[in-house]
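Structure first, then comments.
Here the structure is a predicted model, which is why all the values come from computation and not from measurement. Throughout, protein chains are lettered first and strands after them, A, B, ... in sequence-line order, and every chain is numbered starting at 1.
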2 protein chains.
Amino acid sequence: VNVSVLGLGLIGGSLLRALAAQGHPVTGYDLDPATRDLATRSLAESSSAEQRVAGSVAEAVEGAELVVLAVPLPAVASVAEELRGFAGLITDVTSVKSAVRERLAGRRFVGGHPMAGKETSSFAASDPRLFEGCAWVLCLEEETELGDWLALARLYTALGARVVPTTATEHDAAVARISHVPHLLASALSAQLEGNPLAGTLAAGSFRDGSRVAATRPALTAAMCSGNAAATREILDAVLAELQAYRDALDDLETLTARVSRPSALRRAWADRSYASVTVPPTRDALLSLGRDGGWIAGAGHPEAGLGGFRPETDRIGS
Amino acid sequence: VNVSVLGLGLIGGSLLRALAAQGHPVTGYDLDPATRDLATRSLAESSSAEQRVAGSVAEAVEGAELVVLAVPLPAVASVAEELRGFAGLITDVTSVKSAVRERLAGRRFVGGHPMAGKETSSFAASDPRLFEGCAWVLCLEEETELGDWLALARLYTALGARVVPTTATEHDAAVARISHVPHLLASALSAQLEGNPLAGTLAAGSFRDGSRVAATRPALTAAMCSGNAAATREILDAVLAELQAYRDALDDLETLTARVSRPSALRRAWADRSYASVTVPPTRDALLSLGRDGGWIAGAGHPEAGLGGFRPETDRIGS
C-alpha cells in the first residue's frame with residue numbers, strides 16, 4: 001500500500017517508521033520544518049527512494065492510496081479540507097471518533113484510534129515498534145466500505161496492533177470511561193495539593209498513580225474531553241453517583257465495604273484477564289459483535305480466508 | 001532501645017527485621033503461629049538471643065521500653081487494652097491517627113504512620129529496607145512528651161525514614177487527600193468496567209494507573225476511609241465540586257482548559273519538586289511548622305545538638 005502520513009508526532013512518526021521498516025512506499029509530512037528534517041534523517045538510515053518526507057501536503061499525497069491524518073484533533077478538519085481533490089482512502093488517529101466522523105462525512109474515510117501514548121508528543125519520541133500489542137480502534141460504520149476497513153486491519157495487524165472493530169459512538173463511550181474521565185479524575189485529585197505541602201510530602205503510590213495523567217498538557221486534556229463532551233458527561237455522572245454512594249456510606253463500614261467490593265473484583269479481573277483465540281468471518285455484524293464483547297483482530301488474511309481474532313473469556317470478568 | 005513489635009505483617013515484620021539488623025534488642029509477636037514461625041526462622045539467620053519471637057503479648061512486651069502496635073486498625077484498641085500494665089512508650093503504624101489517638105488517650109503514646117505499602121500484607125513480603133526514603137508520620141500533640149517523640153524520630157531516621165512531624169488532625173486531612181480519596185476515585189473508575197468489555201480492551205495507561213489501588217482488599221479500603229470519615233468526606237466534597245466544575249465546562253474548550261491548567265501545574269511541580277537542607281531546633285513549634293511546610297526530619301541527633309531536617313522549596317510548587 002502506498003501510504004501518506006500527515007503529521008509526524010509520536011503516532012505519525014512511529015507509523016511512518018513502522019511502515020518504512022516493512023517496505024511500504026510511504027511519504028511523510030509535518031508542518032514543522034525541524035520535524036521534517038528529523039524524519040528525513042531517520043528515513044535515510046534504512047530506506048528506499050519510495051520512502052521520503054515531502055515539503056507540502058500536496059506533494060505528500062501525490063500517488064498515495066491511503067492518507068493517515070496524524071494531526072491533533074483541532075487540525076483534522078482543515079487538513080481534510082486540503083485533501084478535497086484526493087480520491088483514495090483517508091483514516092485518522094485521534095482520540096474522539098464521532099466528531100471526526102461528522103467532519104469527514106461524505107469522504108472515503110475510516111476512523112481510527114491507536115491506544116498508544118499522547119498524540120502531541122514529538123517525532124523524537126517515535127518508535128517503529130510502538131504499535132506492537134497496542135489496541136487500534138477502526139470504526140466500522142454503516143457508510144464504511146468493508147473492503148477499506150479490512151485493508152486497514154491488514155496493514156495495522158501486520159505492525160503488531162490488535163485491531164478493534166467498533167463504531168464511533170461505542171468507541172467514544174468506551175474511551176470516556178477509560179481515558180477521558182480518568183484524566184478529569186487525575187486533575188481533580190491533583191487540585192487537592194493546593195495549599196497543602198504536607199500532603200505532597202506524604203503522597204506515595206496511590207496519589208502518584210491516580211494523578212499521573214494530570215501532568216498531560218491542559219489543552220490536550222481539554223480538547224479530548226470537550227471533543228467527546230456528551231459521552232464524557234454521561235460517564236462523569238456515573239462516577240459522581242458512585243462517589244456519592246461511597247460518601248453516603250462513610251459512617252457505615254459494612255455498607256462501604258459492600259459498595260467497593262464489586263469495583264475491586266472488576267479491577268482484579270481486568271488485570272488477570274485471559275483470552276481465547278477465535279476465528280470470525282469478515283462480515284460487518286460478526287466484527288462489531290466481536291468488538292462489543294471485548295475482542296479484536298490479531299490478523300486479517302485474504303478476506304475470503306477469514307480473520308484470526310481473539311475474544312476475551314468474558315465469563316471470567318468479575319467472577 | 002528494647003523494642004517489642006506486635007503484629008508481624010508487612011510493616012511489623014519489616015520493622016522487626018530492620019531493628020534486628022541494627023542490633024537493637026527486639027521481640028516480635030503475631031497472633032498467627034505460622035507467621036511467628038516464619039519470623040523466628042528469619043531472625044535465626046542473623047541475630048542474638050535478644051532478638052526473638054515471643055509466644056504471647058505478655059512475653060513479647062516483658063522488658064520492652066517501646067511497644068509498636070503493628071496490627072490493623074480494628075485490632076488496635078483490644079491490643080492496647082492487653083497492655084494495661086505496660087508503663088513504657090507505645091506507638092502504632094495505622095493509616096488513621098485521630099481515631100487511634102482517642103483510643104489511646106491517657107497512655108504514654110505517640111501516633112505513627114509509615115507511608116509504605118499495605119498494612120495487611122504478610123510477613124512473607126517484609127523487607128528490612130522497606131523504610132529507606134519512606135515518609136514516616138509521628139504525631140506531636142499537646143499531650144506528647146517531646147523526649148518520647150525525639151526518641152522515636154531517632155529510631156526511625158536511623159532506618160532511613162523521613163520523619164514528618166504533624167498532628168493527628170493534620171495527618172488525617174492530608175492522607176484523605178493523597179490516599180483515602182484516591183482509593184475511592186480508583187474504585188469509582190473501576191466500576192465503569194461493568195458491562196463494557198470493549199472499554200476493558202481499550203483501557204491503557206490512564207485507566208491502569210488511575211484504577212490500580214481499587215484492587216486493594218475492599219475491607220481495608222473501607223476501614224481506612226470509614227476510620228477517617230470526617231476528613232474523607234471533606235476532601236471528597238472538594239473533589240466532587242472540582243469534577244462538577246469540569247462537567248459544567250465540557251462544552252467550553254477555553255474554560256475547561258483554564259480549569260485543568262492549575263491542577264496540571266501542581267502535579268508537574270509535585271513530580272519535579274526539589275529540596276533544601278535546613279536545621280531546626282527540637283521544639284514543638286519548630287517541628288510542627290516544618291511538617292506543615294512539607295518538611296521532614298532526616299536525622300535526629302542528641303536533642304541539644306539540633307535536628308538535621310529537610311524542607312521542600314515550597315516556593316517552587318505550582319510555579
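At a 4.5 Å heavy-atom cutoff, the contact between A:D237 and chain B is made by side-chain atoms alone. Contacts between A:A238 and chain B at a heavy-atom distance below 4.5 Å involve backbone atoms as well as side-chain atoms. Heavy atoms closer than 4.5 Å to chain B are found in both the backbone and the side chain of A:L253. Heavy-atom distances place both the backbone and the side chain of A:R233 under 4.5 Å from chain B. Neither the backbone nor the side chain of A:E254 comes within less than 4.5 Å of any heavy atom in chain B. Of the two parts of A:A135, only the side chain, counted from C-beta on, holds a non-hydrogen atom closer than 4.5 Å to a non-hydrogen atom of chain B. Residue A:T166 touches chain B through its side chain alone, counting heavy-atom pairs closer than 4.5 Å.
Listed options A:D251, A:T255, A:T221 were ranked by heavy-atom pairs under 4.5 angstrom with chain B; first place goes to A:D251. When each of A:R292, A:H183, A:R208, A:R177 is checked for heavy-atom pairs under 4.5 Å with chain B, A:R177 comes out on top.
Applying side-chain contact (heavy atoms from CB on, under 4.5 Å) to B:L140 and the options B:D285, B:V164, B:L288 leaves one that passes, B:L288.
For A:D172 and A:K97, the salt-bridge test fails: no basic side-chain N is under 4.0 Å from an acidic carboxylate O. The residues A:D248 and A:R259 are annotated as not salt-bridged, no charged nitrogen and carboxylate oxygen being separated by less than 4.0 angstrom.
Between the side chain of B:S264 and the backbone N or O of A:A214 there is at least one donor-acceptor pair closer than 3.5 Å.
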